[in-house]
Protein chains: 2
Amino acid sequence: MSSKRGAAALQPPPAPPDAVPLFAALGDATRLRLLGRLSAGGPLSITRLSEGTGVTRQAITRHLHALGRVGLVRHARRGRERVWDLNRKRLEKAKQYLDHIAAQWDDAAERLRAFVEDKRGEQR
Amino acid sequence: MSSKRGAAALQPPPAPPDAVPLFAALGDATRLRLLGRLSAGGPLSITRLSEGTGVTRQAITRHLHALGRVGLVRHARRGRERVWDLNRKRLEKAKQYLDHIAAQWDDAAERLRAFVEDKRGEQR
DNA sequence: GTTAAATGCAACCCCCATGTTGCGCTTTCT
DNA sequence: AGAAAGCGCAACATGGGGGTTGCATTTAAC
């Protein structure tokens, strides 16, 4: 009944809303490099993190805040400098998200076949 | 020698360049939902995919192309409509990327401690 | 006490991603 | 054949991300 087209029944799994800003934060070369440096070399000051990036310190500051907004990095005062570091807790969660989503895709891909096979019989 | 600060020795692992556009493509709510619908309901036409998104068909078309650029989806002609579907091959690769990167972070986090412990002895 | 280093803040560019509208073309449907 | 569905293309608007410069402020160094 109702299944006018059956499309309405395909509820798009509302994927964790946090995933969007997370991916967005990771979708920038400079930010990925910052994460790389941080993961390779512990807490670093802004100036230190800016070296060799080709962009201004201010720009780096912004990127750090962007990463901070999604909880991937945290900051702390150390004397006159502000040091940033990875937030491993969040990083772990992020990793789980990625795994989860990837798994979803896999599962769906599996079910997809049977589902399509079915429909094909009905519609055609 | 040279280790003026030791910072130069911390080579930022040049992370797979493909990761950036991939994350960027995933960093959008509409696109994530599109992937969700596709993974849940096989190949779908543009019009079908546009339903219930709140945006124009053209907008959806663009998003699909964006996803296509990073290889996550593919398209094909079916009569007068153009149907899109997930590219499971690429999806698998993407998943591996995510795992790989997450692993890198983990490893680095591990090594980080020892490294920092070390440095602390030298510098302080 | 001065000087220099490391930041924070704010005002400004500039480009591009996202979204829209209008129109024309092809393929179905009746 | 004629109407309608489904798209593709192109022109246009605009909001926000990414980057910069200039200046004030705090803190380490001499």
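Below, chain A is the first sequence line, B the second, and so on; all start at residue 1.
Separating the CZ atom of B:Arg78 from the P atom of C:dT28 is a distance of 11 Å, rounded to the nearest angstrom. In this structure, CZ of B:Arg77 is placed 13 Å from P of D:dG6, rounded to the nearest angstrom. The distance from atom CZ of A:Phe23 to atom P of C:dA17 is 20 Å, rounded to the nearest whole Å. Regarding A:Leu49, its CG atom lies at a distance of 12 Å from the P atom of C:dG8, rounded to whole Å. One atom, CG of A:Leu64, and another, C1' of C:dG8, lie 14 Å apart when rounded to the nearest Å. Atom NE2 of B:His65 is separated from atom P of D:dA10 by 12 Å (rounded to the nearest Å). As rounded to whole Å, 9 Å separates atom C1' of D:dG8 from atom CD1 of B:Ile46. Distance B:Leu44 CG to D:dA5 C1': 17 Å, rounded to the nearest Å.
Candidate nucleotides D:dC7, C:dT20, C:dT18 were compared by shortest atom distance to the side chain of B:Asp28, and C:dT18 ranks first. Distance from the side chain of B:His63 is smallest to C:dT18 among D:dC7, D:dG19, C:dT18. Of the candidates C:dT7, D:dT20, C:dG19, the closest approach to any side-chain atom of A:Arg62 belongs to D:dT20. Of the listed nucleotides (C:dG8, D:dG19, C:dT7), C:dT7 has the atom at the smallest distance from the side chain of A:Ser45. For B:Glu81, the listed nucleotide lying nearest its side chain is D:dG6; candidates were D:dG6, C:dT20, C:dT7. For B:Arg80, counting side-chain heavy atoms from C-beta on, the closest listed nucleotide (D:dC7, C:dA11, D:dA4) is D:dA4. Among the nucleotides C:dT7, D:dG8, D:dG19, the one closest to the side chain of A:Ala59 is D:dG19.
The base of D:dG8 is paired with the side chain of B:Arg57 by a donor and an acceptor separated by under 3.5 Å. Applying the 3.5 Å distance criterion, the base of D:dC9 shares a donor-acceptor pair with the side chain of B:Gln58.
With respect to B:Leu38, the side chain to side chain contact (heavy atoms under 4.5 Å, CB included) criterion is satisfied by exactly one of B:Asn87, B:Leu67, B:Val73, B:Leu72: B:Val73.
Taking the six-membered ring for Trp, A:Trp84 and A:His63 have ring centres at least 6.0 Å apart.
Residue B:Arg82 places none of its side-chain N or O atoms closer than 4.0 Å to OP1 or OP2 of D:dG6.
Under a 4.0 Å N-O distance rule, the pair A:Lys89/A:Glu92 does not qualify as a salt bridge.
When each of A:Gly79 and A:Val55 is assigned the nucleotide of DNA chain D bearing its nearest heavy atom, the one mapping closer to the 5' terminus is A:Val55.
In this structure, the side chains of B:Leu26 and B:Leu35 come closer than 4.5 Å at one or more pairs of heavy atoms.
For the atom pair B:His75 NE2 and B:Ser45 OG, the distance stands at 14.0 Å (nearest 0.5 Å).
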